Amino acid sequence: MVEVRKISVLKGVFCLALGLSVWMTRAQERVPVPGMETNAQYRTLLEQEKQLKHVQDSIVGLMDAVRKSYASDVAGRQQYAQQILDMENELYDVRNRIGMVVNAISNLEQEYIIGNMNASSMGPSATARPSAAQPSKGNVAQKANLVNNDYFKEQLSDSDYQALMQAQQQETLPLEIISTYIVNYKVMDSLARIYENAERVEAEDAYTKLRTLGSINERLSDSLKHVWEYIFDNKTYIYNYLLDKMNESDLLADFESQFQRINQRIASARDTVASEAVYAYPFRKKLTLDYEYALAGLLGYTQARDSIARVQQSVSTLDFAFSVIDPQPRNFIEYSKIERSVPSIYNTRNPIPEAEIFRYGTVYRIQLGVFQRMQPVSIFRNVHPLSYDKLEDGRYRYCAGGFRELSEAQEALAEMKKIGFRQPKIVVWRDGVFESLDETEASDSEGGTFYRIEIAGEGDVMSDRVKEVIETTVPSKEISRAVNAEGHYIYTVGTFDSRETAEDLVARLSGLDGISAKILTLEQ
């Protein structure tokens, strides 16, 4: 349940005016409120705001300089990109701190102004219209806050009066929510421009922050809708009831027409604004003020009417039609065809990398196998580029290449079959979501075991004696070469479905001087 705060509608009025001066204009040198010069906390906050804005301006200046260096110095771009990223994070934090300090300053100013307003003398009531629904005649002490006048307590049931007072006490909450929303929105706008123009690392960092703030603003928008609907529904219900009691049918009809026009305007903008709740607030706020101005006039509450008139003027200038921030997705995928190199480009110093899963774009790859454990480089027949990703069940999927078009992947698939891969298949990631295209192949979940043989003790060219043993024993098996962790050449033969066949070849090779051979067991 929303916390009920004991605060007058007048405070909500000044909160609105002061909040707008902070968030709806460009950062300017703040003019202290007269009379608050002796408030130590206020002076401290003003100095903090000034210092933080100076830091903000310095960071922005440095970022501009580094961006120019980034554009002109190709060799140093990686270093400049990291500097820009670090400064962007710092700027993000500084702006949040500015927002909190400004909010604290505004709260102090509001309390001071309202305290002085409430201390002013209250004049006599104007002569009331003769009606059972009007306040008593004579000199009645007025309160500048309309609903705090005794009339409302006298004319409403206890439950309706309590609902009205709770709605009034919550009047400052919508602007507090909107102020935070606007701060976030401005940062989001800056992040969107960075995302659209920066290099990948900085752009993706900006996008992550953008989505985080977007999620926060969605929750703020939901909170605003909840709070403001409670205020608006209770107030308009009670004001309609009182106007009907006064037989003000013309006013009721006019307010109903305004309500319908407002709803139509809000509905027409629904798909073009970042938040319907934020956009709608000024229109519905103005309608409640129109109700209150009319009631203040009918009841002769001149001070309340004058206060409401000032607020009406401020609210009439509000425009919260913030456009949707949703930058076009950028495709950072680096496509590459499959090649073979001898020796393999992968080793213990340059291991097979983990696959990058890109947020946007489509990339086709050739899946070479899914295994229970991470696999040695030697089993992949010197192809590159390779990558792996770990599945939810703990297995490892190894893929080769990266293709923009399905036709390119189909050509690569045929080539992988030619060079001896048992069950290659085309897989695809669309906007970060995995999909297997080869529905005819056996499911990886069925598992299975196969074998390859690793031979050590040869140089950069396999000797004729080893070749002869292999060709005599398993003439159809392909041989690939790689380099182990010590920089020595190793050769891989396979694949074998039968362990007996693999053991037979190992036994024959082990009879050759200086040659060692072992079986690699591969589990899918």
Side-chain angles (χ1 to χ4, degrees), residues 336-352 365-388 396-401 411-425 441 448-524:
S336 55
K337 64 181 182 179
I338 299 175
E339 297 179 343
R340 300 181 76 186
S341 61
V342 179
S344 172
I345 68 170
Y346 301 109
N347 50 51
T348 55
R349 293 180 295 276
N350 181 39
I352 297 172
R365 295 185 174 121
I366 306 303
Q367 178 178 300
L368 302 180
V370 179
F371 308 94
Q372 296 292 339
R373 291 175 290 275
M374 297 189 75
Q375 298 300 302
V377 172
S378 57
I379 76 167
F380 293 109
R381 304 181 184 278
N382 298 327
V383 302
H384 67 87
L386 294 172
S387 61
Y388 76 90
Y396 296 87
R397 173 171 48 219
Y398 285 83
C399 295
E411 292 177 5
L413 177 67
E415 186 62 27
M416 293 301 97
K417 290 179 178 178
K418 285 181 183 178
I419 66 176
F421 286 98
R422 297 176 71 238
Q423 251 184 24
K425 61 167 59 174
E441 297 287 358
T449 303
F450 59 98
Y451 311 93
R452 289 186 183 143
I453 294 172
E454 186 175 278
I455 303 168
E458 290 281 76
D460 60 344
V461 177
M462 180 178 282
S463 64
D464 291 338
R465 60 178 183 153
V466 174
K467 286 182 181 179
E468 183 178 354
V469 172
I470 295 172
E471 290 172 0
T472 301
T473 310
V474 286
S476 62
K477 299 303 180 183
E478 181 165 330
I479 304 169
S480 60
R481 185 182 72 171
V483 178
N484 64 15
E486 293 74 32
H488 300 142
Y489 288 98
I490 57 173
Y491 294 84
T492 304
V493 184
T495 303
F496 300 89
D497 294 321
S498 166
R499 185 176 181 87
E500 289 76 10
T501 304
E503 288 175 343
D504 180 46
L505 179 57
V506 167
R508 292 172 183 269
L509 290 169
S510 297
L512 302 176
D513 292 339
I515 299 299
S516 64
K518 64 180 180 181
I519 296 175
L520 301 176
T521 301
L522 309 174
E523 295 181 357
Q524 277 192 233

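What's counted below: heavy atoms across the whole structure, side chains too, no hydrogens, waters or symmetry copies. Predicted, not measured: the structure shown is a model, and the values here were computed from it.
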Shortest non-hydrogen contact from [X] to [Y]?
X: Pro351; Y: Tyr346; answer: O-CD2, 3.8 Å
X: Ile338; Y: Ala400; answer: CD1-CB, 3.6 Å
X: Pro376; Y: Leu520; answer: CG-CD1, 4.3 Å
X: Ile366; Y: Ala412; answer: CG1-CB, 4.0 Å
X: Ser344; Y: Val377; answer: OG-CG1, 3.4 Å

Q) Are the side chain of Asn350 and the backbone N or O of Ile345 linked by a donor-acceptor pair below 3.5 Å? A) yes
Q. Donor-acceptor pair, Arg397 side chain versus Gln367 backbone, under 3.5 Å?
A. no
If I take atom [atom1] from residue [X] and atom [atom2] from residue [Y], how far apart are they, to the nearest 0.5 angstrom?
X: Ile352; Y: Ser387; atom1: CD1; atom2: OG; answer: 8.5 Å
X: Glu468; Y: Thr473; atom1: CD; atom2: OG1; answer: 9.5 Å
X: Lys417; Y: Lys425; atom1: NZ; atom2: NZ; answer: 11.0 Å

Q: Let me know which of Ile470, Val466, Leu509 forms a side chain to side chain contact (heavy atoms under 4.5 Å, CB included) with Val493.
A: Ile470
Are [X] and [Y] packed together at the side-chain level, in the sense that at least one heavy-atom pair is separated by less than 4.5 angstrom?
X: Tyr451; Y: Thr501; answer: no
X: Ser516; Y: Lys518; answer: no
X: Ile479; Y: Thr492; answer: no

Please report, to 0.1 Å, the donor-acceptor pairs under 3.5 Å made by any side chain of residues 452-463, with sequence neighbours excluded.
from   : atom 1 : to     : atom 2 : distance (Å)
Arg452 : NE     : Thr495 : OG1    : 2.7
Arg452 : NH1    : Ile379 : O      : 2.4
Arg452 : NH2    : Thr495 : OG1    : 3.0
Glu454 : OE1    : Ser378 : OG     : 3.3
Glu458 : OE1    : Ser463 : OG     : 3.4
Glu458 : OE2    : Ser463 : N      : 2.6
Glu458 : OE2    : Ser463 : OG     : 2.6

Q | side chain to side chain contact (heavy atoms under 4.5 Å, CB included) between Gln423 and Leu368, worked out | A | CA-CA 7 Å; Gln423 251 184 24; Leu368 302 180; over 6 Å; no
[X]: what forms a side chain to side chain contact (heavy atoms under 4.5 Å, CB included) with it, not counting sequence neighbours?
X: Glu339; result: Lys337, His384
X: Glu471; result: Lys467
X: Asp513; result: Arg465

Q.
So, using side chain to side chain donor-acceptor pair (under 3.5 Å) as the criterion, who are the partners of Arg499 when residues are at least two apart?
A. Glu503, Thr521
Q | Under the ring pair (Phe, Tyr, Trp, His ring centres under 6.0 Å) test, residues paired with Tyr398 that sit two or more places apart | A | Phe371, Phe380, Tyr388
